[in-house]
Amino acid sequence: MASEPDRNESALDVALGFALTQRDARGRLVRLGPVLDEILSAHDYPVPIARLLAEALVLTALLGATLKDAGGQLTLQAQTEAGVVDLLVADYKGGELRGYVRFDLDRLAEQPAAPSLFSLFGKGYLAITFDQAASNERYQGIVPLEGASLAEAVENYFVQSEQIPSLVRLAVGEGGRIAGGLLLQHLPEGEEGRERLHARENRPEWEHVLALGRTVAPAELADPALPLETLLWRLFHEEEEVRLLSNIPLGKGCRCNAEHVRGVIARFAPEERAEMADEDGFISVDCEFCSRIFPIRLDDLAG
Ligand SMILES: [Zn+2]
């Protein structure tokens with residue numbers, strides 16, 4: 001990079017894609033602000049759960065932003081055996097994020113104020129699903145939730161299962177409503193993680209990228225006033241070439257609406273619908289992503 005960028009700067013609700021072309025590395029930087037606030041505001045989560053979801057949403061955006069196909073979807077789903085957290089879901093589609101967590105409030109109260117990944121999930125797994133709309137391809141990878149953090153678990157997954165050397169950093173700011181992350185991968189430009197031929201490993205180049213990436217501070221990732229372009233420049237300004245690949249604005253998105261819900265319910269047989277309805281003749285369908293309930297009147301579905 002010749003000079004510090006000063007135009008089109010973006011600090012919040014954006015995913016920046018870049019390549020360090022001389023080093024066979026690619027990366028993403030993400031920061032969430034109002035989008036995170038909107039998603040968390042739909043719920044009333046205790047601090048550790050809100051932080052966990054914030055981290056998961058940044059991770060979802062980091063991985064979602066690597067999808068080549070604009071109509072593709074990326075889903076993170078964590079499931080556990082007898083964990084405090086029962087289920088965590090977050091997804092990304094076309095720059096839109098959503099997510100929720102199901103957990104046991106009583107058991108959370110028994111945990112320390114900043115519970116470890118293990119104390120939240122016990123023996124848990126994270127499924128990462130890539131759906132490519134254009135090719136109708138679906139790929140799922142499973143990550144054991146091991147390590148100190150969500151970032152560490154995913155880093156291990158890329159290294160062990162995908163043989164893609166990776167660095168993942170996630171950070172949530174003080175108030176919990178700003179979060180950011182960095183993903184670096186040792187992948188020559190143009191290669192897909194999924195379809196690549198065995199990339200020639202260039203260890204010294206990658207070690208260099210890792211060393212630079214590790215200098216990123218959590219406070220920088222979660223600084224609402226620091227444009228991602230500036231952060232990128234801080235990290236890699238001594239590199240010969242840092243190519244910006246994408247700048248994706250992020251939003252909160254959910255596919256739930258009354259019409260969609262009615263359509264789903266209408267597919268059930270009339271007697272099944274009658275069983276689902278309450279005594280006033282309403283079927284209540286809720287969207288856990290938005291904490292919204294859609295009451296469907298049985299009579300409106302007649303036919
Ligand atoms: Zn919804």
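One-based numbering, in listed order, for ligands and for the atoms of each. Please read all numbers here as calculations on a predicted model, not as lab measurements.
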Exercise for the section: Keeping the roles fixed (side chain from Asp69, backbone from Gly71), state whether a donor-acceptor pair exists under 3.5 Å. Expected result: yes

Handout entry: Donor-acceptor under 3.5 Å (Arg28 side chain, Gly64 main chain)
Key = no

Problem - Salt bridge present between Glu288 and Arg98 (N-O < 4.0 angstrom) - result: no

Fill in the blank from the handout: Sequence neighbours excluded, the answer for side chain to side chain contact (heavy atoms under 4.5 Å, CB included) partners of Pro144 is Tyr125, Glu146

Exercise for the section: Name all residues meeting the side chain to side chain contact (heavy atoms under 4.5 Å, CB included) criterion together with Pro115; count only those two or more places apart in sequence or in a different chain, and write none if there are none. Expected result: Pro48, Gln111, Ser119, Leu120

Problem - Inter- and intrachain pairs under ring-ring contact (aromatic ring centres under 6.0 Å, His included), touching residues 43-92, at least two apart - result: His43-Tyr45, Tyr45-Phe103

Problem - In the protein, N/O/S atoms that are found under 2.8 Å from the Zn ion (ligand 1), waters not counted - result: Cys254 SG, Cys256 SG, Cys287 SG, Cys290 SG

